[in-house]
Protein chains: 2
Amino acid sequence: MNADPYAKLIADTGPNCGCCDLEDRAFCAGLGSQGSALLRSIRGSARLEAHHTVFREGDAASHIFTVVKGAVKLSKLMADGRRQIVGFLFPGDFFGFGLAGSYTYSAETIIPTSLCRFSERRLASLMEENADLRRRLFGRLVDELGFAQEQMLLLGRMTAREKVAHFLMMLSRRAATRGDSEAVVAVPMSRLDMADYLGLTIETVSRTITTLKKDGLIEVPSPNVVSILKADSLMQIADGNGDE
Amino acid sequence: MNADPYAKLIADTGPNCGCCDLEDRAFCAGLGSQGSALLRSIRGSARLEAHHTVFREGDAASHIFTVVKGAVKLSKLMADGRRQIVGFLFPGDFFGFGLAGSYTYSAETIIPTSLCRFSERRLASLMEENADLRRRLFGRLVDELGFAQEQMLLLGRMTAREKVAHFLMMLSRRAATRGDSEAVVAVPMSRLDMADYLGLTIETVSRTITTLKKDGLIEVPSPNVVSILKADSLMQIADGNGDE
DNA sequence: CGGTCGGTTGAAAACAATCAACTTCTGTGG
DNA sequence: CCACAGAAGTTGATTGTTTTCAACCGACCG
């Protein structure tokens, strides 16, 4: 699990970028033929098993990644082991922009995952040439910032119940944009990951899910699948308009 | 206080951008003569009193702002009034990028403040022409995202004491980069603003400051000035390496 | 079949929130 | 210049949500 993160990132670069079906969900997809051709020329790809570290907080930042398939978590660690997950990534998402040449978070797969990899330097020079790529990347970065601020509101001001409801609805919405069911949602991450994302403990996450279950808002056929029974009620809670 | 936010944003555009002394701290400063000339041509400026709303969450997003002088807070509101401040901005900082044409947070001055204002549309077209501007803005956006993630760690995993220590050290560091004293720090925002930034209540912020005072780490000559006596100890706390 | 891991549930403790009173500061008007 | 009113901040007592500590359950695997 802690092997060289680049061990599998060998140059199995495919002949074209048509290999992923992300349409225009990824910054790098749907660019038009000449843009794609350029991007394809600097692209590397990788298939990683679950729980594989892509890079660690503090590593020299040299590459930008996009998720083609699977799921990735980004996390920050404190000296004493406290952890905060700052993002869960799904197909179409990108990650790897770091401050001052170092990654500011670790990236790990949570299920088997396919990634595309681009040299940051080369991507930067490609951005100089391709306005479309540039605009997409800029827009995604703005989106990302907006999402981070939303998460601040969640972490700073929401109750455990609201946090979990919000999280489940987020998973549902993201599944829908991927074309998956929004009612029966896959929860690929562990309770610990959920807790570290929501600023809670495992126990509180577990208890809160049990409560939502008892309230008839969700069903949990297995720990990694949540069936959303009352999406509207759940959304109300997620938005802070409690249901009491 | 709730007057038209643009009331004072009349076209008192100065003859050049040399009017601010931000050097290269702002994305728009230190661009070189032709870049500056272009930017200057789309620039508006404003002097606003304290507690003036620049724009509100949900307003149509048409402009990007930079802080020339003073301080601004960005905040998000929940339906029931709970509030999260997602950023404090000081000279050199920018704000105003919104998702899908709307601002995702409100912006208010906290002390008398001078702003520069750029039409987002025109700024976007200027970015197409000027690679330097583009790179700066992109870099600042990445920085901003990194800072937001750092704040997630604070909100999700730090204790009240750690949060307040972290906040004071942040103010100190930011003051230093502006050329102000890093030992005697101005705290322009109210306790309520601090609380809403740190995910705490006023009372907890106040109590925590009292504790830090009693521990001999800081002095508080007035509620809006904090003198940092033991920067190293405070930094230890801020980083989660408690001092007990 | 035993062991480990992930998850759930229970009881107790703790940190921060809430409710409430009080103090300090500031600005205004007499 | 002083007195007063209101706002901002501090402190105290109590409550409560979430954490911590601990036991237990079930699934998967060797």
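These numbers come from the heavy atoms of this one structure, side chains and all, not from hydrogens, waters or symmetry mates. A, B, ... follow the sequence lines: proteins, then strands. Residue 1 opens every chain.
Going from atom CE of B/M194 over to atom C1' of D/dA8 covers 14 Å, rounded to whole Å. C/dT8 atom P lies 10 Å from atom CD1 of A/I218, rounded to whole Å. Following rounding to the nearest Å, B/L200 (CG) and D/dG9 (C1') show an atom-to-atom distance of 16 Å. Computed from coordinates, the B/M158 CE to C/dA16 C1' distance equals 17 Å when rounded to whole Å. Taking atom CD of B/E203 as the reference point, atom P of C/dA21 lies 14 Å away to the nearest angstrom. Rounded to an integer number of Å, the gap from CD1 of A/I202 to C1' of C/dT9 is 13 Å. We find that CG of B/N224 is positioned 12 Å from P of C/dC25, with the value rounded to whole Å. Rounding to whole angstrom units, CG of residue B/L212 and P of D/dT10 are separated by 12 Å.
Between A/T204 and D/dT17 there is no side-chain N or O to OP1 or OP2 distance below 4.0 Å. The phosphate of D/dT11 (OP1 or OP2) has no side-chain N or O of B/R207 nearer than 4.0 angstrom. Of the side-chain N and O atoms in B/T201, none sit less than 4.0 angstrom from OP1 or OP2 of C/dT18.
Taking for each of B/L192 and B/K214 the nucleotide of DNA chain D with the nearest heavy atom, the 5'-most of the two is the partner of B/L192.
B/S222 comes within 4.0 angstrom of no nucleic acid atom, judged by non-hydrogen atoms across all strands.
When distances are taken from the side chain of B/P223 to each of D/dG9, C/dT8, D/dT11, the shortest belongs to D/dG9.
The ring-ring contact (aromatic ring centres under 6.0 Å, His included) with A/F65 is formed by just one residue from the set A/F94, A/F95, A/F27; it is A/F95. B/Y197 pairs with exactly one of B/K163, B/K73, B/M189, B/M170 by the side chain to side chain contact (heavy atoms under 4.5 Å, CB included) rule, that one being B/M170.
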Inset, instruction - Carefully, step by step, assess A/D193 and A/R83 under the rule salt bridge (charged side-chain N to carboxylate O under 4.0 Å, His left out). - result: CA-CA 9 Å; A/D193 282 345; A/R83 194 178 68 141; 2.8 Å; yes

Inset, instruction - Determine, step by step, whether B/L217 and B/L234 satisfy the side-chain contact (heavy atoms from CB on, under 4.5 Å) criterion, reporting the C-alpha distance in whole Å, the side-chain angles of both residues, the deciding distance to 0.1 Å, and the verdict. - result: CA-CA 7 Å; B/L217 301 174; B/L234 214 53; 4.1 Å; yes

Inset, instruction - Decide yes or no on side-chain hydrogen bond (donor to acceptor under 3.5 Å, both in side chains) for A/T211 and A/T208, but give the supporting numbers first. - result: CA-CA 5 Å; A/T211 310; A/T208 306; 5.7 Å; no

